[in-house]
Trainee: 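Following this message is one structure expressed as structure tokens.
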Amino acid sequence: MNAPAPIVAPSILAADFANLADEARAVEGAADWLHVDVMDNHFVPNLTIGLPVVQSLIAATSLPFDVHLMIEDPRRWAPGYADAGAYNVTFHAEASDNPVALARDLRAAGAKAGLAIDRDTPIEPYLELLPSFDTLLIMTIKAGFGGQRFIPDLLDKVRAARRHVDAGHLELRIEVDGGIAADTIEQAADAGADAFVAGTAVYGADDPAEAVRRLRQLAERAAARA
Ligand code: DX5
Ligand code: ZN
């Protein structure tokens, strides 16, 4: 099977929040998507940004937005991000009692629909739902904070999802998020991920665009070996 080119999505969680538009533009031309972590201080203890900031940022950059909602009650809030023009809107399985219905709403609003699986959630109950989704985000840390250490054991979920996606000929990106850097991206790609979120590894670097290019190179190299 001809695998699609890997997606690299810098997370602005690790960027300078006083200069978000400049930080977003710093990876234009290098990144595929811009990953935005929305946290509500309820689903996760941390608090970040919400819809008004995302709306302004979408207007300020040409990158497709990959919105990662770490919030309670996504049915209420998620469609607003699709209406704002986000390319992909991902909500957490743990926060939703009807993921398929919300995926339908997101697609109807013109966005791709993403399902996120946190560290302690098994993947198996969700595999059957994947035809309703465009992206599957598998956390490789516990959701909530940037800068945590990558947990290699969580790649078993990526492998299980990859087997299921390939066997069912599903068109679905498998995205990993948490601790993705030059020393971890290849093992994630080997496990079957084809979209990579990186916060610290991009915005902690002197040249964020160069860091994105380097990560892409490593992911491509791993994909070519597969
Ligand atoms: C954490 C967020 C991540 C975070 C990753 O819950 O979902 O997107 O920005 O940061 P790093 O790449 O530093 O682990
Ligand atoms: Zn994220």
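What you see is a predicted model; the values in this text were computed from it and never measured. Counting starts at 1 for both ligands and their atoms, following the listed order. What you see below is based on every heavy atom in this structure, not just the backbone, and it leaves out hydrogens, waters and symmetry mates.
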Trainee: Can you list the ligand 1 atoms lying under 4.0 Å from a non-hydrogen atom of Gly178?
Mentor: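 So the atoms of ligand 1 that pass are 14 (O).
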Trainee: Backbone, side chain, both or neither: what part of Thr200 comes under 4.0 angstrom of ligand 1, heavy atoms only?
Mentor: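 Under 4.0 Å from ligand 1, Thr200 contributes backbone and side-chain atoms.
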Trainee: Can you list the ligand 1 atoms lying under 4.0 Å from a non-hydrogen atom of Asp177?
Mentor: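 Close to Asp177: 2 (C), 3 (C), 4 (C), 5 (C), 7 (O), 8 (O).
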Trainee: Quick check: does Gly199 get an N/O under 3.5 Å from an N/O on ligand 1?
Mentor: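 It does: an N or O of Gly199 is found under 3.5 Å from an N or O of ligand 1.
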Trainee: Kindly identify the option in Ala14, Ala143, Gly179, Gly146 whose heavy atom sits closest to atom 14 (O) of ligand 1.
Mentor: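 Nearest option to atom 14 (O) of ligand 1, by heavy atoms: Gly179.
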Trainee: Could you tell me whether Asp97 and Arg75 have a side-chain N and a carboxylate O separated by less than 4.0 Å?
Mentor: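 Looking at Asp97 and Arg75, the cut-off is not met.
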Trainee: When you measure from the side chain of Asp177 to the backbone of Val197, do you find a donor-acceptor pair of N or O atoms at a distance under 3.5 Å?
Mentor: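 No, because the side chain of Asp177 does not come within donor-acceptor range (under 3.5 Å) of the backbone of Val197.
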Trainee: Nearest to atom 4 (C) of ligand 1 by heavy atom, Leu137, Val36, Ile141, Leu13: which?
Mentor: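 Of the listed residues, Leu13 has the closest heavy atom.
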Trainee: For a quick test of reading the model, state the closest non-hydrogen atom pair linking Met70 to Val44 and the distance between them.
Mentor: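 Smallest heavy-atom distance, with atoms named: O-CG2, 3.8 Å.
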Trainee: With backbone taken as N, CA, C and O and side chain as the heavy atoms from C-beta onward, which portion of Phe145 lies under 4.0 Å from ligand 1: side chain, backbone, both, or neither?
Mentor: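 It is the backbone that touches ligand 1; the side chain stays farther off.
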Trainee: Considering only protein heavy atoms, which is closest to atom 2 (C) of ligand 1, and at what distance to one decimal place?
Mentor: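 For this ligand atom, the closest protein heavy atom is Asp37 OD1, 3.3 Å.
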Trainee: Take atom CD of Glu171 as the centre, draw a 6.0 Å sphere, and report whether it contains more than 12 heavy atoms from other residues, nucleotides or ligands.
Mentor: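 Not more than 12 within 6.0 Å, no.
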Trainee: Return the minimal non-hydrogen interatomic distance between Ala193 and Val158, and the atom names on each side.
Mentor: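 In this case the closest contact between Ala193 and Val158 is N-CG1, 3.5 Å.
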Trainee: If every non-hydrogen atom of Asn46 is compared with every non-hydrogen atom of Gly144, which pair is closest and at what distance?
Mentor: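 In this case the closest contact between Asn46 and Gly144 is ND2-O, 3.0 Å.
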Trainee: My understanding is that only one of Ile58, Leu34, Leu57 makes a side chain to side chain contact (heavy atoms under 4.5 Å, CB included) with Leu63; could you say which?
Mentor: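 Only match with Leu63 under side chain to side chain contact (heavy atoms under 4.5 Å, CB included): Leu34.
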Trainee: Under 4.0 Å from any heavy atom of Val197, which atoms of ligand 1 are there?
Mentor: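 That gives atoms 8 (O) of ligand 1.
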Trainee: Ignoring hydrogens, what is the shortest heavy-atom contact between Pro64 and Tyr87? Give both atom names and the distance.
Mentor: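 For Pro64 and Tyr87, the tightest heavy-atom pair comes out as CB-CB, 3.7 Å.
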Trainee: If the cut-off is 4.0 Å to any non-hydrogen atom of His68, which atoms of ligand 1 fall inside it?
Mentor: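 Under 4.0 Å from His68, ligand 1 has these atoms: 7 (O).
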Trainee: I need the minimum non-hydrogen distance between Ala5 and Arg173, along with the two atoms involved.
Mentor: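 Looking at all heavy atoms of both residues, the shortest contact is O-NH1, 2.9 Å.
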Trainee: What is the closest protein heavy atom to atom 6 (O) of ligand 1, and at what distance does it sit?
Mentor: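 That would be Gly144 N, 2.8 Å.
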Trainee: Can Arg213 and Glu210 be counted as an ion pair, charged N to O under 4.0 angstrom?
Mentor: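 Yes, charged N to carboxylate O under 4.0 Å.
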Trainee: Out of all atoms in ligand 1, which are within 4.0 Å of some heavy atom of Met70? Include the element for each.
Mentor: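 It comes down to these atoms of ligand 1: 6 (O), 7 (O).
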Trainee: Taking atom CZ of Arg149 as the centre, report whether more than 12 heavy atoms of other residues, nucleotides or ligands fall under 6.0 Å from it.
Mentor: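 No, CZ of Arg149 has 12 or fewer neighbouring heavy atoms, counting only those of other groups under 6.0 Å.
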Trainee: Donor-acceptor check, side chain of Lys142 to backbone of Gln148, threshold 3.5 angstrom: yes or no?
Mentor: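 Judged by distance alone, no pair lies under 3.5 Å.
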Trainee: Report, in ascending order of atom number, the atoms of ligand 1 lying under 4.0 Å from any heavy atom of His35.
Mentor: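 Here the atoms of ligand 1 in question are 8 (O).
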Trainee: Just let me know how Ala198 lines up against ligand 1, side chain, backbone, both or neither, with a heavy-atom cut-off below 4.0 Å.
Mentor: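 The backbone, only.
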Trainee: Could you check atom 9 (O) of ligand 1 against the protein and tell me its nearest heavy-atom contact, residue, atom and distance included?
Mentor: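 Result for atom 9 (O) of ligand 1: Ser11 OG, 2.8 Å.
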Trainee: May I ask you to say whether Arg162 pairs ionically with Asp194, meaning some side-chain N is under 4.0 Å from a carboxylate O?
Mentor: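 Yes, this pair counts.
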Trainee: Within a radius below 2.8 Å of the Zn ion (ligand 2), how many protein N, O or S atoms are present?
Mentor: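 Count of protein N, O, S atoms less than 2.8 Å from the Zn ion (ligand 2): 4.
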Trainee: Can you report which non-hydrogen protein atom sits closest to atom 11 (P) of ligand 1, along with the distance?
Mentor: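 Scanning the protein heavy atoms, the shortest distance from atom 11 (P) of ligand 1 goes to Gly147 N, 3.7 Å.
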Trainee: Treating Thr61 as the side-chain partner and Ala24 as the backbone partner, does any N or O pair qualify as donor plus acceptor under 3.5 Å?
Mentor: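 No, Thr61 side chain to Ala24 backbone: no donor-acceptor pair under 3.5 Å.
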